[in-house]
Amino acid sequence: MSNATRAIKEWARTAKDEFNQLDGVQGDGDLGVTVELMAEALDKAAEQTTDLKTWLMVGGALVRRQAPSTMGVLLSFALNAAGRFLPEGAESSAETWGVIQQQMIEEIKKRGGAELGDRTVLDAFIPASAAYRQHILAGDSLPLALEKATLAAREGAESTKSILPKTGRSRWVGDRVIGEVDGGAWLCYKVYQTLSHFFTSP
Amino acid sequence: MSNATRAIKEWARTAKDEFNQLDGVQGDGDLGVTVELMAEALDKAAEQTTDLKTWLMVGGALVRRQAPSTMGVLLSFALNAAGRFLPEGAESSAETWGVIQQQMIEEIKKRGGAELGDRTVLDAFIPASAAYRQHILAGDSLPLALEKATLAAREGAESTKSILPKTGRSRWVGDRVIGEVDGGAWLCYKVYQTLSHFFTSP
Amino acid sequence: MNEAGVCMKKILNDAHQFVDESLDGILLAHSDVLHRVEGDPRAIVRQDAPVQGKVAIATGGGYGHLPTFLGYVGQGLVDGACVGNVFSSPSADAMLAVTRAIDGGSGVLYLYGNYFGDSMNFDLAAEMAADEGIQVETVRVADDVASASLAERQKRRGVAGIFYGYKIAGACADTGASLAEVKETTELALNNVRTMGMGFSPCTIPASGKPTFDIAEDEIEIGIGIHGEPGIARQKTGTAKELVAQLLTPLVEELELSAEDEVSVLVNGMGSTPLEELYIAYREVHQWLFDKKIHVDRPFVGAYATSLEMAGFSLSIFKLNDSFKKYLHAPARTPFVKL
Amino acid sequence: MNEAGVCMKKILNDAHQFVDESLDGILLAHSDVLHRVEGDPRAIVRQDAPVQGKVAIATGGGYGHLPTFLGYVGQGLVDGACVGNVFSSPSADAMLAVTRAIDGGSGVLYLYGNYFGDSMNFDLAAEMAADEGIQVETVRVADDVASASLAERQKRRGVAGIFYGYKIAGACADTGASLAEVKETTELALNNVRTMGMGFSPCTIPASGKPTFDIAEDEIEIGIGIHGEPGIARQKTGTAKELVAQLLTPLVEELELSAEDEVSVLVNGMGSTPLEELYIAYREVHQWLFDKKIHVDRPFVGAYATSLEMAGFSLSIFKLNDSFKKYLHAPARTPFVKL
Ligand SMILES: Nc1ncnc2c1ncn2[C@@H]1O[C@H](COP(=O)(O)OP(=O)(O)O)[C@@H](O)[C@H]1O
Ligand SMILES: Nc1ncnc2c1ncn2[C@@H]1O[C@H](COP(=O)(O)OP(=O)(O)O)[C@@H](O)[C@H]1O
Ligand SMILES: [Mg+2]
Ligand SMILES: [Mg+2]
Ligand SMILES: [Mg+2]
Ligand SMILES: [Mg+2]
């Protein structure tokens with residue numbers, strides 16, 4: 001797991017400016033910083049444990065402490081909810097990761113009150129998670145499922161270009177954001193993409 | 001007289017930026033504002049009186065009140081000194097103006113403690129006044145004397161380009177000013193030039 | 001510019017240490033009044049906390065708004081503040097640490113600006129505090145009229161009007177009022193506070209190294225938030241009189257001010273707008289209200305809620321009654337704010 | 001940009017009314033403390049002037065440095081200030097008006113920054129005051145080590161260290177000391193004050209509409225004056241630690257500080273440098289002095305002498321003894337400065 005988190009951490013460093021800029025269109029321009037801090041926290045958690053459930057709990061707490069912005073707290077809640085859901089000693093598997101994604105989405109909806117189409121991270125996460133599960137259920141390989149999830153995430157993220165924000169800071173911006181993707185949604189796509197590359201050619 | 005002061009006032013408006021910039025090289029960049037305020041004060045004095053002595057006294061006081069920066073106070077002292085020197089009812093004449101210039105220079109030296117070669121207004125004023133007197137004494141016309149004084153002022157102002165400042169704010173700047181004329185000296189040249197144009201083609 | 005951001009022309013050693021080194025400086029300079037909670041460098045409380053028997057006020061938010069939030073910790077205002085990264089919410093853990101350190105047995109009021117991230121974290125902290133038997137109530141400041149319609153007032157952002165929230169809550173708590181009373185009084189006061197601001201130029205978050213937004217040489221952003229979030233319009237700049245009228249009109253309308261009403265006014269600079277200019281704005285505010293026979297009881301002009309070196313200003317109006325006035329006039333003193 | 005300068009993104013109606021409208025705002029906001037001398041809108045004194053039997057302190061200088069100069073008018077600091085145009089000396093007439101209004105029979109101390117224009121005007125005002133039988137003494141603040149060598153100390157500029165001059169003179173005058181004593185004490189104190197500053201970016205004088213100087217994206221000006229006058233060097237910017245060491249070294253050397261000495265420190269922001277950064281500077285100052293066993297009695301961090309929206313900061317060190325400490329700790333309160 002720590003190899004995957006390290007890959008994400010390395011990617012996050014290079015992507016900081018892009019996300020600050022995306023967030024600046026509708027928010028306060030700090031999403032890149034948050035992304036970097038979240039990736040560091042998750043990698044730190046992976047160094048502390050190899051147990052999946054523990055990693056989700058520790059990672060959630062570290063993200064909450066080190067990157068407590070909207071995206072960070074939602075991710076923290078989501079990781080902890082998934083961690084609580086998993087049975088003790090649960091093994092990492094393609095199926096388990098499908099469950100984790102589902103739990104995370106439910107928790108983000110619950111805590112943030114947003115739905116599909118509200119111009120948030122969910123607009124990429126929901127279709128990506130659905131595509132992933134569908135391909136795993138169909139017996140496809142993890143790399144293939146991740147590739148398809150990445151495609152779905154990208155499509156979902158792109159779709160936010162034409163959505164008016166209903167929640168979060170972007171609520172205030174009105175139609176000035178039209179034409180730009182939502183930063184959180186784009187982040188979701190990029191994380192799937194990074195993982196997809198990692199599992200295709202680790 | 002008020003026609004001449006109006007000409008200077010009009011010129012001063014157009015020259016503000018140039019003098020702010022010159023002053024900015026070695027000082028605080030406000031000389032253009034001072035020039036404008038001084039010119040307005042002198043014009044206001046000319047509207048109040050046609051008597052030369054009174055104009056020098058009133059003009060000095062107005063400059064002191066409205067433009068009390070270094071250049072302004074020195075001019076104010078200088079005008080008042082010249083006014084005090086003139087006898088009651090003194091008529092404006094080429095000779096009288098020669099005396100006024102001399103008195104002004106003496107007062108600026110006395111109050112400011114600077115001499116020729118200290119990179120101040122005096123580096124233009126002293127040679128210009130000398131040239132003016134010389135030509136008036138030689139029986140030349142006022143326009144010709146002013147033309148020669150203008151040439152001398154310009155040469156004197158240009159000479160400040162290679163002088164290190166010894167007084168005023170510019171003292172602190174060291175050799176960074178080398179290559180730029182002193183703002184006060186350039187102002188002196190420009191006033192002679194404006195008057196010269198005015199008396200050539202009023 | 002290098003990674004550490006040294007070439008940003010900021011006083012800075014390392015962009016990632018910006019908040020912690022700045023806090024170090026504050027704690028070193030003001031150790032007579034301020035105190036770090038053991039084990040959490042982002043949780044800062046007054047030296048004499050907990051004040052036994054007094055309702056404690058906790059606040060917090062992202063860094064970069066000094067004197068908001070931390071600068072209001074002291075006598076007559078708030079008891080503790082937790083500090084996030086620049087423009088980012090503090091963690092619920094820091095909030096809990098502050099809560100524990102300031103509770104003097106009478107409960108804690110959470111008083112902070114209405115932002116999603118902060119709300120989620122403060123709510124989580126309140127849950128954790130409740131588990132430990134500490135009574136917590138919450139008041140979210142939502143004074144920025146530009147950020148949502150009146151119908152959706154609870155969705156508005158909290159901006160400079162939080163100053164009045166602190167002042168009233170702090171003075172009310174000092175009278176020995178109960179947690180419920182402090183909460184109610186603060187809410188009542190904030191119902192009478194409205195703010196709107198405009199931004200002239202952006203600021204640069206040290207860790208990002210880029211301006212928070214782009215804006216043309218002659219344009220300003222109306223209704224900007226204190227993180228540089230976009231407002232409701234961009235336009236060419238105008239005279240002081242025009243700008244003040246533009247900000248003031250919606251505030252006065254919503255508060256339904258009329259002749260003989262009494263208000264306090266806060267002319268808040270966002271960071272780099274000089275005091276000299278803020279007083280030109282105050283002159284316009286005063287004249288505008290004077291013409292409508294609205295009386296200014298106590299004006300505040302200066303930097304009360306900033307956005308690093310952003311240029312711009314906001315106007316807040318607080319419609320007064322006698323009880324608010326009493327609290328407003330009570331003394332208050334912190335290292336940053338002395339009333 | 002139009003003639004009135006409206007497009008400068010300043011809060012401004014008319015660049016030529018900048019000073020007077022800003023003063024209007026100050027007088028409207030603080031009429032409980034400040035008062036305009038009848039007939040001279042640029043002469044401002046404390047409401048209760050003249051204070052009978054107390055030596056009065058007069059100051060003044062160009063506008064654009066708030067809280068310097070006008071902002072120190074109040075209790076425990078200065079009695080009156082005259083105000084020039086932006087960065088230009090006030091007129092001798094305004095100085096005389098202030099002098100008349102504040103003299104309580106015990107004489108007036110002129111306390112101002114050492115600039116040629118101001119000196120000429122204050123000297124002229126002193127002559128006129130003497131003609132009217134008012135006793136006047138003068139102390140010129142010349143604390144900026146970057147502006148002349150130690151051998152020519154009397155030629156140095158006055159910058160942020162004037163704050164200590166006001167504090168000592170004001171507290172000393174409040175004890176009922178004579179004019180000669182107030183002058184001597186203030187001079188003694190200022191002999192122990194040194195300042196040096198650096199500028200990151202220029203400001204724009206409203207009436208000129210242009211930045212006061214040009215500077216590269218990654219360059220700073222060392223030894224800059226409070227009007228943006230050039231200093232002693234331009235260089236690439238450095239870390240906070242490096243910048244602080246660069247400013248502090250000459251101050252500590254000239255004051256011959258050694259272990260167990262006690263000092264007060266002023267970290268002064270020049271206008272748009274955020275408080276957050278000033279405290280990073282203070283952290284470095286504190287550590288630097290701590291390593292040399294030099295004790296900081298009372299630090300001041302904030303905007304004490306500004307240059308409109310110029311970015312940058314200065315450090316002042318005041319080497320203390322017990323009598324200076326007593327004066328430094330005395331209370332003082334103006335609308336702008338509360339100690
Ligand atoms: N209620 C919400 N539910 C889910 N995601 C949200 C919500 N609000 C905002 N977001 C996501 O968070 C992103 C911004 O994250 P971040 O920069 O951390 O927020 P902030 O700086 O406002 O705290 C948005 O692009 C959006 O995708
Ligand atoms: N001691 C002096 N004697 C004569 N002229 C002086 C002296 N000091 C300065 N000046 C002139 O004044 C000019 C600057 O004027 P001004 O901008 O009004 O000064 P400041 O802004 O420093 O008060 C200089 O360019 C120089 O010519
Ligand atoms: Mg954000
Ligand atoms: Mg000048
Ligand atoms: Mg944020
Ligand atoms: Mg000047």
Side-chain angles (χ1 to χ4, degrees), chain C residues 1 4 6-14 18-19 21-26 28-29 63-64 66-67 71 86 200-201 203 217-218 220 236-241 243-244 271-284 286-287 296 299 301-303 306 308-309 311 313 333 336 338, chain D residues 1 4 6-14 18-19 21-26 28-29 63-64 66-67 71 86 200-201 203 217-218 220 236-241 243-244 271-284 286-287 296 299 301-303 306 308-309 311 313 333 336 338:
Chain C
M1 199 199 32
V6 165
C7 286
M8 267 186 278
K9 289 207 198 178
K10 289 180 182 284
I11 308 174
L12 194 68
N13 288 311
D14 172 352
F18 180 79
V19 178
E21 293 194 353
S22 181
L23 291 179
D24 281 351
I26 290 175
L28 286 170
Y63 202 56
L66 281 178
V86 174
F200 296 168
S201 65
C203 60
E217 263 305 312
D218 59 349
I220 61 175
K236 303 278 169 205
T237 186
T239 63
K241 190 181 280 309
L243 299 182
V244 162
S272 65
T273 291
L275 268 178
E276 287 84 356
E277 292 179 35
L278 297 179
Y279 276 101
I280 294 182
Y282 180 69
R283 175 182 182 270
E284 297 303 331
H286 191 99
Q287 290 183 345
V296 181
V301 182
T306 61
L308 295 174
E309 72 281 5
F313 73 112
R333 190 179 174 86
F336 293 82
K338 297 177 174 77
Chain D
M1 199 199 31
V6 164
C7 286
M8 267 185 280
K9 290 206 198 177
K10 289 180 182 283
I11 308 175
L12 194 67
N13 289 309
D14 172 353
F18 180 79
V19 177
E21 293 194 354
S22 181
L23 291 179
D24 281 353
I26 290 175
L28 286 169
Y63 202 56
L66 280 177
V86 174
F200 296 169
S201 65
C203 61
E217 264 303 314
D218 58 349
I220 60 175
K236 302 281 169 204
T237 186
T239 62
K241 191 181 279 308
L243 299 182
V244 162
S272 64
T273 292
L275 268 179
E276 287 83 355
E277 292 180 36
L278 297 180
Y279 277 100
I280 293 182
Y282 179 69
R283 175 181 183 271
E284 298 303 331
H286 191 99
Q287 288 184 345
V296 181
V301 182
T306 62
L308 295 173
E309 72 281 5
F313 74 112
R333 192 179 171 86
F336 293 81
K338 297 176 174 77

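Every chain is numbered from 1 and lettered A, B, ... according to where its sequence line falls, protein lines coming before strand lines.
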K.L.:
For D/Glu284, which residues count as a salt bridge (charged side-chain N to carboxylate O under 4.0 Å, His left out) partner, sequence neighbours excluded?
P.N.:
D/Lys241

K.L.:
Taking every heavy-atom pair that is under 4.5 Å apart, which of D/Gly64, D/Gly271, D/Ala311 has the most such pairs with chain C?
P.N.:
D/Gly64

K.L.:
Where on D/Ala281 is there a heavy atom nearer than 4.5 Å to chain C: the side chain, the backbone, both, or neither?
P.N.:
both

K.L.:
Of the backbone (N, CA, C, O) and the side chain (C-beta and beyond), which part of C/Phe18 lies under 4.5 Å from a heavy atom of chain D, both, or neither?
P.N.:
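Both backbone and side chain.
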
K.L.:
Supply the atom-to-atom distance C/Glu276 CD to D/Lys10 NZ, rounded to the nearest 0.5 angstrom.
P.N.:
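Separation between the atoms: 9.0 Å.
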
K.L.:
Which one, C/Leu278, C/Ile280, C/Thr306, leads in non-hydrogen pairs under 4.5 Å with chain D?
P.N.:
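Of the options given, most contacts go to C/Ile280.
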
K.L.:
Quick one: pull up NZ in D/Lys9 and CD in C/Glu277 and give me the separation to the nearest 0.5 Å.
P.N.:
12.5 Å

K.L.:
Determine the sole option in C/Leu23, C/Ile26, C/Asn13 for which the side chain to side chain contact (heavy atoms under 4.5 Å, CB included) test with D/Arg283 is passed.
P.N.:
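So, applying the side chain to side chain contact (heavy atoms under 4.5 Å, CB included) to D/Arg283 and each of C/Leu23, C/Ile26, C/Asn13, only C/Asn13 qualifies.
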
K.L.:
Find the distance between CG (C/Asp24) and NE2 (D/His286) and round it off to the nearest 0.5 Å.
P.N.:
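With rounding to 0.5 Å, CG (C/Asp24) is 10.5 Å from NE2 (D/His286).
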
K.L.:
Check ring-ring contact (aromatic ring centres under 6.0 Å, His included) between D/Phe336 and all other residues, then give those that pass, not counting sequence neighbours.
P.N.:
C/Tyr279, D/His30

K.L.:
Work out which heavy atom in C/Leu308 is nearest to a heavy atom in D/Pro274; give both atom names and the distance.
P.N.:
C-CG, 3.9 Å

K.L.:
Counting heavy-atom pairs under 4.5 Å with chain C, which one of D/Ala240, D/Gly302, D/Ser272 comes out on top?
P.N.:
D/Ala240

K.L.:
Please report the shortest heavy-atom distance between D/Pro299 and C/Ala29, naming the atom on each side.
P.N.:
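Closest approach of D/Pro299 to C/Ala29: CG-O, 3.6 Å.
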
K.L.:
Using the side chain to side chain contact (heavy atoms under 4.5 Å, CB included) definition, which of the options D/Thr239, D/Thr237, D/Thr273 pairs with C/Ile11?
P.N.:
D/Thr273

